[in-house]
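Only one structure is covered here, and it is reproduced in the block below.
As the structure lists them, so they are numbered: ligands from 1, and atoms in each ligand from 1. This structure is a prediction, so every number in the text was calculated from the model and none was measured.
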Amino acid sequence: MVAAGTVRQVVRNASVFDSAAGCMRPGSTIVIEGDRIAAVTQEPLQVDDAARVIDAGGRAVLPGLIDAHVHVVAASHDLVGLAMQPASLVTAQSSTILREMLHRGFTTVRDAAGADHGLRSAVERGIFEGPRLFIAGAPISQTGGHADMRPQGVKSREMFCSCAGLGLIGAIADGVGEVRRAVREQVRQGANQIKIMAGGGISSPTDPLEGTQFSMDELRAAVEEAEAANLYALAHAYSPRAVTRAVQAGVRSIEHGNLIDEATARVMKSHGAYLVPTLSTYAALADEGTRLGWSPAMLDKLQMVKDRGLDAVRIARAEGVPVVFGTDLLGHMHGRQPGEFGLRTAAMPPAEALQSATIVAARLMRQEGRIGQLVAGAWADLLVVDGDPMQSLAMLADPAQGIRLLMQGGRVVRDSLVA
Ligand code: ZN
Ligand code: ZN
């Protein structure tokens with residue numbers, strides 16, 4: 001029964017990517033009612049006259065892609081400069097980043113800090129064209145941690161606090177009480193997940209990459225507060241020590257994780273944690289870091305993790321840790337987002353890389369059945385693409401050509417099938 005006013009659409013002659021099984025189902029028909037998928041079938045189907053029919057011409061049809069580590073407010077790689085911009089300007093620039101991400105085929109993204117509920121609402125209301133947004137709000141960082149971007153000359157804690165604007169500057173919290181308050185504040189501001197900085201980083205000025213951040217009590221408090229609100233925590237961490245501590249504290253996903261070894265991957269596996277590698281940002285910064293004015297110390301840190309990124313993917317995969325698609329690109333480097341597929345297929349087959357950007361990401365985000373899968377009840381987010389995704393994901397690297405039809409929530413965003 002179709003509700004009055006509900007648009008019914010049918011995509012037929014489709015080779016559907018079954019993301020749960022990791023294979024194609026040729027000869028499929030997808031029935032869409034309103035913004036949801038009503039059915040996917042290989043049986044012959046009587047299509048009523050009122051339905052809009054899209055003939056995929058035997059092409060591959062993929063679930064809308066998910067990038068589980070983006071920063072849609074990162075209009076610049078200069079995060080301190082960004083924090084000084086008025087929120088209106090950051091928002092205006094974010095609208096472009098969001099639109100371009102959607103047009104690359106990413107119908108959902110998990111923002112790993114920066115985006116707020118205003119941006120999420122702007123997309124939900126159709127004011128901005130963009131991926132569905134799952135937001136973290138401000139990242140939680142200890143004093144001198146990865147999201148404490150204050151240059152050493154700046155002593156004031158307030159000068160760069162997250163209330164200054166919209167950006168990637170952290171909510172600085174020290175001690176269990178402050179950590180609880182910082183997490184609760186993100187929950188109050190509508191976070192879908194809580195981001196904590198559990199180890200050193202590359203773009204931060206004063207912290208050693210292989211150091212750990214936060215005490216175990218602070219990490220546990222962050223996770224406990226996230227779970228109290230039915231959310232989960234994700235942690236930025238590179239080194240085996242930082243990753244192990246975060247996972248033991250109950251963190252659900254490790255962001256980056258470049259330096260993990262087998263023992264660390266086994267700890268992740270035993271705790272049910274996910275790995276979200278972000279290979280493309282290291283590739284981008286290796287190309288451009290010097291030109292962007294990065295200090296020799298930051299470039300040294302970059303070199304340390306860049307070459308280990310693919311090893312981490314191989315280790316995680318071998319130990320059975322679920323690997324999720326993420327990119328972590330900043331500023332003008334956002335255009336490299338689909339390049340992540342090419343980097344990953346050096347360590348996994350194309351079908352698995354596609355699963356990492358669909359169903360595995362959905363599981364991490366506790367959105368299985370809603371996104372990342374073409375099944376009844378899911379959002380009608382899909383891509384009709386040229387080429388065989390079981391052989392190569394090259395079509396996603398050139399989305400303007402390779403994606404022939406893009407649909408989000410039943411709305412056709414772009415269609416060049418008939419051209
Ligand atoms: Zn990070
Ligand atoms: Zn990030």
Side-chain angles (χ1 to χ4, degrees), residues 66-80 82-83 94 97 101 106 109-116 133-142 144-149 162 166-171 186 191-214 219 222 233-239 242-243 245-246 251-260 273-285 289 294 298 301-302 304-306 308-309 312 324-331 333-334 336-337 340 361 364-365:
I66 303 165
D67 188 332
H69 193 124
V70 300
H71 300 287
V72 303
V73 301
S76 165
H77 63 278
D78 171 9
L79 301 181
V80 175
L82 191 69
S94 299
I97 293 171
M101 277 187 186
F106 292 90
V109 296
R110 188 180 67 149
D111 195 89
D116 70 353
L133 263 177
F134 286 76
I135 62 165
I140 316 238
S141 176
Q142 66 172 47
H146 178 51
D148 183 349
M149 297 289 175
S162 55
L166 191 59
L168 289 166
I169 303 304
Q186 307 319 307
N192 299 105
Q193 64 271 337
I194 299 297
K195 171 74 172 293
I196 55 177
M197 300 305 193
I202 299 171
S203 60
S204 38
T206 61
D207 54 339
L209 184 72
E210 287 179 285
T212 65
Q213 296 182 6
F214 285 129
L219 292 174
L234 57 150
H236 160 108
Y238 285 101
S239 70
V243 170
R245 293 169 86 253
V251 160
R252 186 169 171 84
S253 73
I254 295 297
E255 311 301 304
H256 321 304
N258 298 47
L259 305 179
I260 60 166
Y274 291 71
L275 179 68
V276 186
T278 59
L279 305 179
S280 40
T281 199
Y282 310 113
L285 291 168
W294 275 33
M298 282 156 80
K301 291 203 270 187
L302 173 66
M304 251 171 88
V305 299
K306 178 180 172 283
R308 298 283 298 279
V324 181
F325 187 97
T327 53
D328 199 25
L329 292 157
L330 307 173
M333 293 171 274
H334 272 114
R336 295 174 181 247
Q337 189 176 27
E340 184 76 27
L364 160 60
M365 295 161 69

Report task. Of all N, O or S atoms in Asp328, identify the one at the shortest distance from the Zn ion (ligand 2). Result ->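 In Asp328, the heteroatom (N, O or S) nearest the Zn ion (ligand 2) is OD1.
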
Requested in this report: Kindly determine whether Glu255 and Arg110 satisfy salt bridge (charged side-chain N to carboxylate O under 4.0 Å, His left out), including the steps that lead there.
Outcome: CA-CA 12 Å; Glu255 311 301 304; Arg110 188 180 67 149; 2.8 Å; yes

Requested in this report: Assess the side chains of His71 and Asp328: does a donor N or O sit below 3.5 Å from an acceptor N or O?
Outcome: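 Yes, Asp328 and His71 have a side-chain donor paired with an acceptor closer than 3.5 Å.
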
Query raised in the report: Cut-off 3.5 Å, side chains only: do Gln142 and Asp148 have a donor facing an acceptor?
Result: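 Per modelled atom types, Gln142 and Asp148 side chains form no pair under 3.5 Å.
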
Query raised in the report: Is the Zn ion (ligand 1) less than 2.8 Å from at least one N/O/S atom of His146?
Result: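 It does not: His146 brings no N, O or S atom closer than 2.8 Å to the Zn ion (ligand 1).
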
Requested in this report: Have a look at the Zn ion (ligand 2) and estimate, to 10 degrees, the angle subtended by NE2 (His71) and NE2 (His69).
Outcome: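 Output for this angle: 100°, rounded to tens.
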
Query raised in the report: Under a 4.5 Å cut-off applied to non-hydrogen side-chain atoms, are Ile202 and Leu209 in contact?
Result: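 The answer is yes, as the side chains (C-beta and beyond) meet within the 4.5 Å cut-off.
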
Query raised in the report: With the Zn ion (ligand 1) at the center, what angle do ND1 from His236 and NE2 from His256 span, rounded to 10 degrees?
Result: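 Computed angle, vertex at the Zn ion (ligand 1), rounded to 10 degrees: 100°.
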
